[in-house]
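Quick notes on the structure that follows.
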Amino acid sequence: MTATNLHLYVMVAPLLSAFAVNLLGRRSRNWIAPLALGALSFSTLGALLTLQRVLQHGGYRYTVGNWQPPYGIELVIDPLSALMLLLISAVALVATVGALKSVEQELPGREHLFFTLYMILVAGLLGLVMTGDAFNLYVLLEITSITTYGLIAMGRGRAPLASFNYIIMGSIGACFYLLGAGYLYILTGTLNMADIASILPGLQGHAAIATAFGFMMVGLWVKMAFFPLHNWLPNAYSLAPTGAGIMIAPLMTKVTVYLMIRVMFSIFAPEYTFFAHPGVQAGIVWVASLAILCASALALAQRNLRRMLTYILVAEVGYMVGGVWLANSTGMTGAVLHIVNDALMTLCLFLAAAAIVYRTGSLDFDHLRGLYRRMPLTMAAFTVGAFSMIGVPPTCGFFSKWYLILGAVEAGHWEFVVALLLSSLVNAVLFFRIIEIAYFKVNPQPSGDGLLAGEAPLWLLTPLLTAAIALLAVGIGSGPLVNQVIRLALPPGLAP
Amino acid sequence: MKVFALLATLATGIVLLYGTRDFAPWGDPDSPANSHLSRVYIERAVEETHVPNLVTAILGDYRGYDTMFETVVIYCAGMAVVCVLRRSRS
Amino acid sequence: MIWQLDQFVLLLVVVCAVAVITVRDLLSAAVIFGVYSFLMCLLWAKMGAVDVAFTEATVGAGISTVLFIAAIFRTTRRSKD
Amino acid sequence: MDQLLTEIVGKYNYWLYVVLMMIGFYAMIGKRNLVKKLLGMNIFQTAIILFYVSTGVKRGGQIPILDKHAALSHGVDASQIINPLPHVLMLTAIVVSVSVTGVALAILVRIYREYGTLEEDEILEKIRS
Amino acid sequence: MNYHSSLLPLAAICISLLVTVPILLSDRKPNLRESWTLLAAIGKFCLVAIMLPSVLAGEGFVLTLAEVFPGVPIQLRVDAMGMFFALVASFLWICTSIYSIGYMRSTQEQSQTRYYASFAVAISATIGVAFSANLLTLYLFYEMLSLSTYPLVTHKQNDEARASGRKYLSYILGTSIGLVLPAMLITYSIAGTLDFTAGGILAGHASKATLALLLVLFLFGFAKAALMPMHGWLPAAMVAPTPVSSFLHGVAVVKVGVFSILRVIFGIFGPDLLRSVDLGMVITTVASITILVASLIALSQDNLKRRLAYSTIGQLSYMILGAGMLSAAGMTGGLLHIAMHAFGKITLFFCAGAIYVASHKKYISEMDGLGRRMPLTYGAFLLGSLSIIGMPPLGGFISKWHLLLGAIESQQLVLLVVLLGSSLLNAAYFFPIIYRGFFASPAEGQDLSGIQEAPLCCLIPLLTTATLSLVLFFFPGVLLQLVRQALAL
Amino acid sequence: MKQLQEQVARNPEGDNLIIRTAVRLLVPFIQLYGLYVIVHGHYSPGGGFQGGVVLGASFILLALAYDLKTSLRFMSERVNNLLSNLGALIFIGIALLCALLGGLFLDYAALERLIPLGAEEWHSLGIFLVELGVGLAVMSIMVSLFWDLASGGDMEEGL
């Protein structure tokens, strides 16, 4: 076999750098930045090459340890996972640049520990999108979860409690997934996704398949904070150290959505997931619509920027789950595109929040007064991110929303259309409320303590502006992105 | 809250039990779980890895990738606890 | 193993599990959890999973319980439910 | 009735695991004490491990440790050996479980330091006030 | 029309967009900043004017920027209709720029840099709307315009301004996201394209009910056209500085709304389709109601700018009414009224601003006798109002004449009554202002002696536009030809 | 519990003497057994993980019988951290080495190019090396988990 190991190097680089950061960063924190950034740059480059290769020559499978496919653990590098590899490594790279400064401020003396967990988290996410093995997926899911628990619990005040709730909910999710995988194992005797998929059609009508599918789905929904199961997310993400939030918020939920797609299409087939029980499919779209509406409504009630963003995040999960479950390729295109876009939007907004918190120490709405005057570039980038969330062209948020709504129209799910439009409107209200405060309300006492005037440091500003530019670039380039990448990445068997 | 928890628990339990309906009886050597992958492991592992303890052979080799992450998991746990709890003594 | 003993272990496992979550003293709960793990380990050994049983004996009945107890020492034994 | 009984006896392992699972799950979502939740989580995970391990059982099978020379020279009769794959998986699951427990306990200590209690309702009250 | 690929349309749009950078950089140097503004204004008009001869000769320009959806690129296209609008808008921007400089300096407004930067972005978006080749591109620039005018509306930064800004945005963004976006998506899923095509793209694809739904969504979705009941933002937006109001009313915002509706009627539905399914009625009914109600409300307003605002609401519906008649003369009149009203109304706003600069008066009841102190301003005001009422020899007469012809042509005598009746109302709310200015004596305790004409920078633009609305009556040639080409008559 | 702690504080040596002596005698044997479990994982139940836990348990026993400081004398915090990194690095390093030597990731047979022993033997040896890494990592992490939890993170005093 002349397979390349490149995609594995993409994953191993951050993993190795985690140990290096732990060992060397303990001595001097000057080691941290070059190690982390070097590893992630390498990963990004590798992911780019992998994606290019996949687009040119088609996807490939790779078996760790050179065993026959169902016996060893198989990795699947298809356009979708290659795209996710690139997304994760690039977002992680940008996020790391931003996190460096904010961690230095918030967790002095513990940076090397923070970045050890952080790099392992990146490696876990990268591994997660490649794996083609149902059990390996569980292990990696737990790696990402444990690192996240740790990162969140490093926050101040109520963060440990939020992290504990996350542990309980996350463990329930992981256990449910494991149960589902176990049921499949009993039925098929294998853990390889492709192998399961080839055996399952012969087992039509088994109640255990439905049980397995249900449990795997619910497990993943808990992990991605799909609406009725979302309670843990807002606290966990808003109380985490700022540096952790920058990284976790854009990637965790998105990767879990990707996993849902993987499970639905690589293990089960669309014929099973969508068309065997049309009532279920319609029901989930309804739940997704409800999720969007409720999360948007909850976001309205928040008085803190980061908390508000977390509720928007929950709503965005509704977008993606709903898009996937529309069961047509337009909706799926929208969902996949939204995975990319939402990762970038969330990155941009959380980076902006980090920059604000770095300078002013607070994200309560009342403290945002007159911020445009003091941090014009930060707030400009924030505005771009906000526009993208609202769905103003040519920022990228508009384009995925377009596909999602179009898919919903095609599928006749008008409730989803209404939910998407209403949530756009709510987002407009949410963000313009902030823009109004930050732009048009003058700070009564400009010289309050801690309210240092001035723009965020370059280490925070650069990634922030990069993210903002990426939002515009991806928006304008979404045509080629969809045509040349996402169309290839769509799972087969969907209604056109 | 407790009532809700109880209901959720009961529902989960019932669904899980319902799902076991189609499973092969307990201890059946020919059930899918015992025949498909595992047969090959049992028959070939010693020959291919020279390790008589099949569990070790599979753990270390066939599914070594899992085990690698298992090590990373435990490493993560250690680091996470240090992160969360340890106060620097300086 | 004699099947009556087998049944007894099964019963005891459930009893222990219930006890773990009902006992009001957390230290006792942790210790009972150790017992529960040990019984589990017996069950698995009987099923032929020697490696898993070994691991459970060292981890579940050993380390986990010790960690629980350590944490309870650092916090509180009290529990309202 | 008779049929049900044979069904239960024939699959008693599943019944046992579901009962344990329910106990653990209930503790995780119904109990207010954080340590109890954690104990529930451990019970839940052992239940799952029990479930997996019991899928690998073969009636009258031998433990999956072979005689190297016999195996190399005569081959192995797979139906005589207990399925090792679930064991492997569960070793990993146990590790994961203890890791999560460790992290959770560390966080518990932090929570206790912050609020002086491990009861969820008391903590929430303290946060509110 | 033949289209050549060319960078000219992009240049015409981007010149003012690019100039925001030097404007922002020259924050501390007002003279430099304002020369940039003027430079961009003149450059933009020149770029538009360069394209004019080709368009008149039947040659257009096209530029595809990016293909974002299958079959729907972001594309710029210069055709007669776009040219017509761009010409008017870019010319009036020069006037507005000069006027802004005078106004902002003499009232010493805060945050002028932000003001000029937003202004530049807004005019770019306006030209972008004019040159959009399809609905998606139009939507893009439409949103850009909404967002860039928000800081202008909220310019004063006090509670009232913020409240109006909120109102403005909720109307404009709410309708564009809530109504236009779904309408656009439905159109796309029905027709598979969003290109503006003569004769429309929906013919043969949709039932009458769907068409009616789409039409209603588009009509009210482009809330910048202020069709009732989507007009609430316009009077509220009057808190903005006067140049902004004149920009909103005369040049950009409202006209963009009307232009978008006309584009949709001509390019998406197609007059023939609307005629065949008899949906013109919907448009004319809504427009007629708006005309009459708005004129009546205008009568009761004492605040000069509010009265002008309601007048604008009514006048906008003239244009939509004309298009809704679906007759050649009616459509011509509707389109032409965009330009005629623009010149007239911008004059009126300039005058209102000049009065405010000179005397700090906002209410009509306080303006007794003011005309004698500011004869030039009031003279211009007279010309502007006459044009809007539709009196010869002013530009407004031409468009109103066409509208009347169109009403007759389409044999809808009700519309004739509406047009004539509302013209009377127009006269009724404009003449008292002029009368009081020239002939009434100042109220007790009012001392007008210190008041004189506004600074030259304010005066020149308003005199220019007033003169032009006179000139347009005699030389409407170019505009008329563009309109005829646009309607392919 | 408090009583017990006070008792210990009052009488630091006395009652615990027997336990301490026993532990002191026992610990080397436990550690030997742990090593045996790791090394003998090929032929009997056990392996890196179980052996690592047993090794870790020996240190925990020390900390329980004496106090945290004593166990820190046997294995300092730095060494512990080093060992945990080393353990994980051994595993990943070997996996990576296989890939770098031209095979696939974790393909122990590729190590053949380093020292020719035969593919099967390398598989066996590879598993052994990897288990060693697992054992190291598990041992040190278990100890550090206990240290942190027992002392509440300040590493000053144990239970």
Side-chain angles (χ1 to χ4, degrees), chain A residues 15 18-19 22 64-65 67-68 70-73 75 107 109-110 113-114 116-117 120-121 123-124 127 131 133 135-136 138-140 142-143 146-151 153-154 160 163 176 179 182-183 185-192 195 199 203 205-212 214-215 218, chain B residues 5 8-9 11-26 28 30-41 43-45 48-49 57-58 60-90:
Chain A
L15 198 55
F19 303 122
N22 190 282
V64 180
W67 298 107
Q68 283 287 310
Y71 306 115
I73 290 174
L75 306 183
L107 303 165
R110 288 192 286 168
L113 292 169
F114 178 93
T116 307
L117 288 185
I120 293 178
L121 172 59
T131 185
D133 189 277
F135 188 78
N136 190 237
Y138 165 78
V139 178
L140 284 160
E142 283 299 73
I143 287 194
I146 289 180
T147 44
T148 317
Y149 304 150
L151 288 175
M154 284 174 97
S163 175
F176 273 28
L179 276 174
Y183 273 51
Y185 174 64
I186 290 196
L187 288 172
T188 60
T190 175
L191 292 160
N192 183 294
D195 205 22
I199 295 174
L203 300 170
H206 273 40
I209 299 184
T211 314
F215 271 84
V218 173
Chain B
T9 312
T12 318
I14 288 167
V15 172
L16 281 175
L17 264 184
Y18 171 76
T20 62
R21 228 181 34 169
D22 300 320
F23 291 168
W26 188 67
D28 179 7
D30 295 322
S31 67
N34 285 345
S35 55
H36 179 50
L37 275 193
S38 74
R39 174 167 298 154
V40 176
Y41 284 141
E43 282 167 359
R44 286 210 222 132
E48 285 176 341
T49 65
I58 301 175
D61 204 341
Y62 292 91
R63 298 190 71 85
Y65 192 59
D66 265 355
T67 313
M68 182 178 100
F69 284 116
E70 176 197 311
T71 317
V72 177
V73 165
I74 194 100
Y75 177 85
C76 280
M79 289 308 139
V81 171
V82 175
C83 273
V84 171
L85 221 45
R86 193 168 294 179
R87 286 174 281 203
S88 53
R89 281 194 291 170
S90 56

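Below, each value reflects all heavy atoms present in this structure, side chains not excepted, and no hydrogens, waters or symmetry copies. By convention in this document, chain letters (A, B, ...) are assigned in the order of the sequence lines, proteins followed by strands, and residues within each chain are numbered from 1.
- In terms of heavy-atom pairs under 4.5 angstrom with chain B, the leader among A/Leu179, A/Ile146, A/Leu151, A/Leu117 is A/Leu117.
- Across B/Val84 and A/Arg110, no two heavy atoms sit closer than the pair O-NH1, 4.3 Å.
- Between B/Phe23 and A/Tyr183, the angle of the ring planes goes over 60°, which puts this pair in the perpendicular group of the 30/60° scheme.
- You'll find the side chain of B/Glu48 stays beyond 4.5 Å of the side chain of B/Asp61, heavy atoms only.
- Interface check for chain A: of the options B/Ile58, B/Leu16, B/Val40, B/Val82, the most heavy-atom pairs under 4.5 Å are formed by B/Leu16.
- Contact annotation for A/Asn192: neither backbone nor side-chain heavy atoms come within less than 4.5 Å of a heavy atom of chain B.
- In this structure, the portion of A/Phe114 lying under 4.5 Å from any heavy atom of chain B is its backbone and not its side chain.
- Geometrically, B/Arg44 engages A/Tyr71 in a cation-pi contact defined by less than 6.0 Å to the ring centre and at most 45° from the axis.
- Summarising the geometry of A/Gly124 relative to A/Leu140, their closest heavy-atom pair is O-CD2, 4.0 Å, with the distance given to 0.1 Å.
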Return a table of donor-acceptor pairs under 3.5 angstrom between the side chains of residues 69-81 of chain B and protein atoms on other chains or two or more places apart.
unit_1, atom_1, unit_2, atom_2, d
B/Glu70, OE1, D/Thr92, OG1, 3.2
B/Thr71, OG1, B/Thr67, O, 2.9
B/Tyr75, OH, F/Asn85, OD1, 2.3

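- A donor-acceptor pair is defined here as one N or O able to donate and one able to accept, closer than 3.5 Å; such a pair exists between the side chain of A/Tyr185 and the backbone of B/Ala33.
- Pairing each heavy atom of B/Arg63 with each of A/Leu191, the nearest pair is NH1-CD1, 3.8 Å.
- Ranking B/Tyr18, B/Tyr62, B/Tyr41 against chain A, the residue ahead of the rest is B/Tyr62, based on heavy-atom pairs under 4.5 Å.
- Contact tally against chain B (heavy-atom pairs below 4.5 Å) for A/Leu121, A/Asn22, A/Ile209, A/Thr147: the top residue is A/Asn22.
- Only the backbone of A/Thr188 comes within contact range of chain B, judged by heavy atoms closer than 4.5 Å.
- For chain B, the option among A/Ile120, A/Leu75, A/Thr211, A/Asn136 with the highest count of heavy-atom pairs below 4.5 Å is A/Asn136.
- Contact annotation for A/Ile199: only side-chain heavy atoms (C-beta onward) come within less than 4.5 Å of a heavy atom of chain B.
- Among the candidates A/Ile73, A/Leu113, A/Val64, A/Leu203, the residue making the largest number of heavy-atom pairs closer than 4.5 Å to chain B is A/Ile73.
- A/Tyr138 does not touch chain B: none of its heavy atoms, backbone or side chain, sits under 4.5 Å away.
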